Every structure is written in structure tokens, then in C-alpha cells.
K.L.:
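Before I ask anything, let me first share the structure, which is written out below as C-alpha cells.
Keep in mind that what you see is a predicted model, and the values were worked out from it rather than measured.
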There are 2 protein chains.
Amino acid sequence: MTGIKALAQHLDLSIGTVSRALNGKPDVKAETRRRVLAAAKELDYRPNHSGRSLRHGRTNTVGLVLETGSPSTLAGDTFFMHLVDAMQETLAEEGLDLVLLPCRSADDPIEFLRRHVTRRMVDSIVITATRRQDERIAMLLEDGTPFLALGRSETPGAYPWIDLDFAGAARDSVDALVRLGHRRIAIAAPRRDVNLAHIYMEGYRDALAAHGLPVDEALILRASGSENGGVQVAEALLRLEDRPTAVMLGQELMAIGLYSHLAQVGVQPGRDLSVIGFRQSPQLRFLSPALACFALDVRALGKEVGQAVMALSADPVAARGIGRVWPLEYVPAPSVQPPVR
Amino acid sequence: MTGIKALAQHLDLSIGTVSRALNGKPDVKAETRRRVLAAAKELDYRPNHSGRSLRHGRTNTVGLVLETGSPSTLAGDTFFMHLVDAMQETLAEEGLDLVLLPCRSADDPIEFLRRHVTRRMVDSIVITATRRQDERIAMLLEDGTPFLALGRSETPGAYPWIDLDFAGAARDSVDALVRLGHRRIAIAAPRRDVNLAHIYMEGYRDALAAHGLPVDEALILRASGSENGGVQVAEALLRLEDRPTAVMLGQELMAIGLYSHLAQVGVQPGRDLSVIGFRQSPQLRFLSPALACFALDVRALGKEVGQAVMALSADPVAARGIGRVWPLEYVPAPSVQPPVR
DNA sequence: CTGTTAGCGCTTTCAT
DNA sequence: ATGAAAGCGCTAACAG
């Protein structure tokens, strides 16, 4: 015999009483509770998760879907780890556990999600790398699974999301560059349908318009959101006839490839071409000259996400439709200088 | 009503029959099975995970413990993501799911593990960043939870592990350097108690001995396993009176900080100081001159780990004591050159 | 305050 | 080939 039954037998009590004692319910004599707790410790009793969730209909576990394989995840690695670390801090306070659900690159994200949602291994889900049109959201809405989207989407419906202020980052980038005299500003956005690329791009267009500057489609570059993408961007930039005086990058790792390729051909960031990166990341700290980019408080964000998830479990309906944009702070650096030409 | 009961009622069958039909058991009329499967699809029936595991005593889920916060995880992150991706490929074939259990930096690893093991949310566990003396192993052994250690340990007991051949990497590094004429070879190892640092170091000592070279303790540097650690290493190297002609790094990211600091003071890797990195990583591809380091087939490793985990579930006892060292291949590059002095 | 009991969703005998 | 029923471990409602 195992589990609570063994414990009850050992104590010569009913399993009901033992359960109540263990779960801090009232109507248990102090002395009895003490005995039960002691015995539980002694016999190393640990409640079976499946039994409990079957009974409760809850698992007290939150799942965060991580797309292994997608450049954006691979890139944001330290970002996600720090985020997760902070999320847990909040969730732990409420006794919630967090598990990461790695979605294989080979897997269909919908199928993957369905499999997990369905099995009710987790009570609620956090999806990441939100797409502009995101089937996962439609599915989760239809399914009724409480979820939070890390990143906005244009998929209609009432659901909570938290997103970084990429439009603001684009605007601040353009503003900073224009203030210094730049007029031809290129932008590199990752090719994927991840919505942040779209939002970043729109922010760029709007900001140019606000400054009365034309949008030159030739200056809008698409590349993969990785170091290699940065190389491609550099090559494309150097190929342009009327070369821009500045470029803003829509993915943090691009800066590494860009710097590398520019160095090879003797073009110096800042002096010859101003560069503004994306999310600040430890990996970028060693670029020279230092890269202007956007800082955020990952820990605070993680806690906020944790809060949002808890609101989700507490009251899925109330949590609906709550969207929050998280600020990004421009950090100037020598990679941005007045244009020479 | 929900679940299999609803399905059975809809079909006007007993839940027993439905269950058998669903699970491909014999003794179900072909026609009936067809009907059941069709109805399951139509009603979007999905078995409840808790119910199933409660019945089976298994969850068909494997947990991989990830230490968020530890530099080694944060660093090797793309490594882990690729590994996980490949692992899943193997596990999926057997219908096993993989979840990542992020262990907060603030959490006690033992406590964390116990909580999860305890709840039997996963059937087996993969631990990472194995320590030289690893309490987790002792705990899991005592507990009887099937587990696999990614990384060797000196903690006694019969348990399966897979580790990269860091001793071999150290030996190959020393060999390559000595062959070129290097005699004073420094080594930088991360400070943490993670066993690989120890093994790498021992490999270094042994290789020097094999070449009849003395071990100069002044050339053994300790630093954090991060970019910053690399900076510290560079500083320490430049401070040495009788400067070594080469350095080998015990953590991949160190190379970034090292290169950065060397560049600042005008010391060129390869020409002025030979450098051999650790695990090959996309992040290092843009270092110039290219860094000599150690390549491995992460996908193949992932599959191997997946296999090992499956063996674990199939027969925990048979899987015991199986240790495997995974080869690392030295990739020469211009960061290694004959010494000038 | 404690014991008894029903039942969460599922699989698996054991009858029929 | 199918149905009935037991029971996995647990909690909660009810009875005493």
C-alpha cells in the first residue's frame, strides 16, 4: 500500500482525517494534526500529483511554450531564462509551478499545444513568439484554456497579453537618428511572421512620417533574426547605391553579424554608419564601439507576467482583454553618431 | 458530462469498449472501432492526462531540470535548446513528452527536485550541470526515481550518465599547442563546482605530464563561466610576469570577453597569444581571428540522450551504471599559431 | 472532531 | 465482442 492510505493506516486514522490534517483544513484536533504531519515527514509521504489534479480539476502548474529551433527563441535565450526565473518567483508565492513546454521545430505548434492543453497537465499556458495572425490563440480561445500571450497579435478575441514596446523602440530610434541629422535610415526586420517584426516596422514608418521623411522601400531589409541575418543586412546595405547613414535592427543578434561584416570591409559603426540595436543583451556588451540599444527590466517583466498568469488562474474571465505594453528604454552609445555625408 | 463517458454515451457503448477501441486493444469489432474513432474525432475527445496516469502509475513525461540563472545554462542555452529539440525527436517516437523544469536560482536544487519528483508529474528526470559531488544524485538514488545525469559526478552509486569528453578536449588542446612549440599554456576554468570544470582541469594536468611539461599553478586561472569571466582571464594573463604563449578556456563564452579585452590592449589572438575555446557555438563564429574550439554533433547527442532516457523508463535497473563519454572534435583555427617568443 | 463514502477519468480484469 | 465493475490516490460532502 502506498500514499495517503498507508499513512492513514500507520496512524490508525481514516484517510479523510489525514487528508484534512495535511491540507490545513479546519476540524482537526491540533494534536492529531501534529501526529499526522510528523508521520508524513517520517514516512516521507508525498501526495500524488495525478490523484490530486484528477480530483481538483487543477494541476497548479503553468506551462510556457518555448519554440526550440526558432531563431528568436534561440537568440533570446538568456532573455527567456531570466524571464522564467523572475516569473517563478511570483508564481511560487501562490504555490504554482512553472514548466517549460519545448515545442520541437518539427512539430506543428497547434498540434503540440492541443496535445498539452488537452491532457490538462497545466492549468494555463503562456505562449511566446506570438504571430501576427496566430492560430494558437484562436485554438486556445475556442478551447477555453486560460492563456497569456507574450506578444500582441491581430488575431481577434478577448485575451490577455503583454508585449514589449517595439513601436516605441522604433520611434525612439528614428527620433534619435533624425535629431542627429540622419535622413536616410535603413531598417532590418526578421522575416518571420512574429508580430513584433511587424510592429517594429510600423513604428518605423509612423516615425518617419512624423518627421516628414519619405519611406524608401529600398531601405527596408528583410533577413533572418540571427547573427547570419546581420551579415546579410550588412551586405545588402553596402550594395545600396545611395547608402543610408544609419540602420536600425529588429533583432538583437543581428548586431553581431553586422558588426563582423562591417569590420571585414572596413566600415566602422558609428563613424561610417550609425547602428541602433534591439533588445539589450549581455552578448552585445562586447561589441566595439558600444551598441545603442533598448534596455528593459527583465526581472520586473517576469514578475508582471507571473502576476498576469495568476490573475488568469484566479479569474479567467476578468483577465480577458487585458493588454499591457512594457516600456523599453533607449540607451545611447557611440554606435550612433551624426552622419558624415 | 465530459471525457470518455460522454463519448461512450454518445455512441451508446460502454466506456470499457470505447477505451479499448481508442487504445488499439484487441477484442473490438472493426466496425465499432471505426465508429469510436470517428466519434472521438468529431467530439474532439482528448483523454485526461491525470486520469490516465493515475490508472497507469506513469505519466509518459520526462522532466529535464534546467538551472535558470546559472551562467553555464544561460550560456549554453542554444546548446540546450538544440539538445532538447533532438531529444524530443527520439522521445516522441515512443509517445513520451518532454518538459523542462526550470530551477530558480533562488531555489534549493534539492528542494526543487524533491518537489517535482514527489508529485510524480514526470516518470523520469534528466539532471544537468552535474556537480562533482552532487546531492541531487544521492537524493534521486535514494528516492528510486529513474534519472539520467548529463555530466559525470563523483557521487557514488549506479546510475546512467552521458558526458562530453572534456578530458579529451583538454588533452587535444595541449597536444595541439605543444606540437606547435608552446610550453607555457594557461588554462581558465569556471569557478563553479560543476564537474566538467574539474575534469577539464585534470585532463590538462595529465596532458602536460604526458609531454613532460611542468604544471605552473600560476597559469591555472579561475573565473566565472561567462563573457565577463573571459575579461577577467585576459586581465589576469596580461598581469603575469612570464606571460604564457597560449590559453585554453573552460567555458565557451569566455572567448568573447577575452577577445574583447585583448583587442582593447592590442594583443592579437593567434599572433600574440594562442587561444583554444571550448564548445563550438554560433555565438563564437564571428570572433576574429576565428577561434579554435571543439565541435560536437548536438543533434546526435540529443538523440542519444533520448534513447538513454527511454531505456531508463523501460528498465530502470538495466540502465544503471551505464556511462557514456561523447566525443568532441578539435577544430583548428587561426587563433592557434606557433609561439613567437 | 472523525469516519464513511462518492467520485474525479481512465484502464483493465472478469463475466457474459 | 461487449458490459459491468473495481480501483489508481486523492478530496470534499455528509453523517455521526
Side-chain angles (χ1 to χ4, degrees), chain A residues 1-37 39-40 43-61 95 97 115-123 145, chain B residues 1-37 39-40 43-61 95 97 115-123 145:
Chain A
M1 195 185 323
T2 60
I4 203 172
K5 212 150 75 181
L7 191 57
Q9 184 163 313
H10 174 82
L11 285 159
D12 202 27
L13 282 170
S14 77
I15 56 173
T17 304
V18 173
S19 173
R20 265 165 304 175
L22 251 21
N23 293 297
K25 303 283 176 188
D27 290 344
V28 178
K29 190 162 56 169
E31 160 65 8
T32 306
R33 190 186 305 276
R34 209 191 43 67
R35 274 183 62 218
V36 172
L37 260 25
L43 298 194
D44 195 25
Y45 166 76
R46 327 199 216 134
N48 177 302
H49 193 238
S50 300
R52 202 175 243 184
S53 18
L54 187 54
R55 181 65 235 229
H56 273 139
R58 282 184 296 102
T59 62
N60 288 324
T61 305
D97 262 313
R115 215 170 64 232
H116 279 280
V117 158
T118 191
R119 303 165 70 164
R120 312 276 155 192
M121 250 194 76
V122 295
D123 297 333
T145 304
Chain B
M1 198 184 319
T2 60
I4 203 171
K5 211 149 77 181
L7 190 57
Q9 184 162 314
H10 174 82
L11 285 160
D12 202 27
L13 282 170
S14 77
I15 58 172
T17 305
V18 172
S19 172
R20 266 166 303 180
L22 251 20
N23 293 297
K25 302 283 175 187
D27 289 345
V28 179
K29 193 163 51 170
E31 160 66 9
T32 307
R33 189 187 303 277
R34 209 192 42 67
R35 276 182 61 218
V36 171
L37 260 26
L43 299 195
D44 193 27
Y45 167 75
R46 325 194 220 138
N48 177 301
H49 192 238
S50 300
R52 202 174 245 187
S53 6
L54 186 53
R55 183 61 233 234
H56 273 139
R58 283 184 295 104
T59 62
N60 287 323
T61 305
D97 263 314
R115 214 170 63 231
H116 281 278
V117 158
T118 243
R119 303 165 68 162
R120 312 277 156 190
M121 248 194 76
V122 295
D123 297 333
T145 304

K.L.:
Supply the atom-to-atom distance B:I4 CD1 to B:R46 CZ, rounded to the nearest 0.5 angstrom.
P.N.:
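Reported value, rounded in 0.5 Å steps: 15.0 Å.
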K.L.:
According to the salt bridge (Lys or Arg N to Asp or Glu O under 4.0 Å) rule, which pairs have a member within residues 21-34 of chain B, sequence neighbours left out?
P.N.:
B:E31-B:R34
K.L.:
Once you build an axis from the first five pairs and another from the last five of the helix from C:dC1-D:dG16 to C:dT16-D:dA1, how far apart in angle are they, to 10 degrees?
P.N.:
50°
K.L.:
Measuring from atom NE2 of A:H56 to atom CG of A:D123, what distance do you get when rounded to the nearest 0.5 angstrom?
P.N.:
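Output value for this atom pair is 11.0 Å.
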K.L.:
Is the number of heavy atoms from other residues, nucleotides or ligands within 6.0 Å of CG (A:D44) greater than 12?
P.N.:
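Yes - once you tally the heavy atoms of other residues, nucleotides and ligands closer than 6.0 Å, there are more than 12.
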K.L.:
One character per nucleotide, please: for nucleotides 8-16 of chain D, 5' to 3', B when the base has a protein heavy atom closer than 4.0 Å, S when only the sugar-phosphate does, - otherwise.
P.N.:
BBBBB----
K.L.:
The test is side-chain contact (heavy atoms from CB on, under 4.5 Å); show your working for A:L37 and A:L22 and say whether it passes.
P.N.:
CA-CA 7 Å; A:L37 260 25; A:L22 251 21; 3.7 Å; yes
K.L.:
Measure the distance from CG on B:L11 to C1' on D:dG3 and round it to the nearest whole Å.
P.N.:
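In whole Å, D:dG3 C1' and B:L11 CG are 15 Å from each other.
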K.L.:
Using whole Å, what does the distance between atom P of nucleotide C:dC10 and atom CG of B:N60 come to?
P.N.:
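Between P of C:dC10 and CG of B:N60: 15 Å.
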K.L.:
Supply the atom-to-atom distance B:R35 CZ to B:D12 CG, rounded to the nearest 0.5 angstrom.
P.N.:
7.5 Å
K.L.:
Please check the phosphate of C:dT2 (OP1 and OP2 only) for any side-chain N or O of A:T32 closer than 4.0 Å.
P.N.:
yes
K.L.:
Report the C-alpha distance between A:T59 and B:M121 in whole Å, list the side-chain angles of each, state the deciding distance to 0.1 Å, and finish with yes or no for side-chain contact (heavy atoms from CB on, under 4.5 Å).
P.N.:
CA-CA 10 Å; A:T59 62; B:M121 248 194 76; over 6 Å; no
K.L.:
What's the separation between atom OG in A:S53 and atom CG in A:N48, rounded to the nearest 0.5 Å?
P.N.:
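Nearest 0.5 Å value for the OG-CG distance: 7.5 Å.
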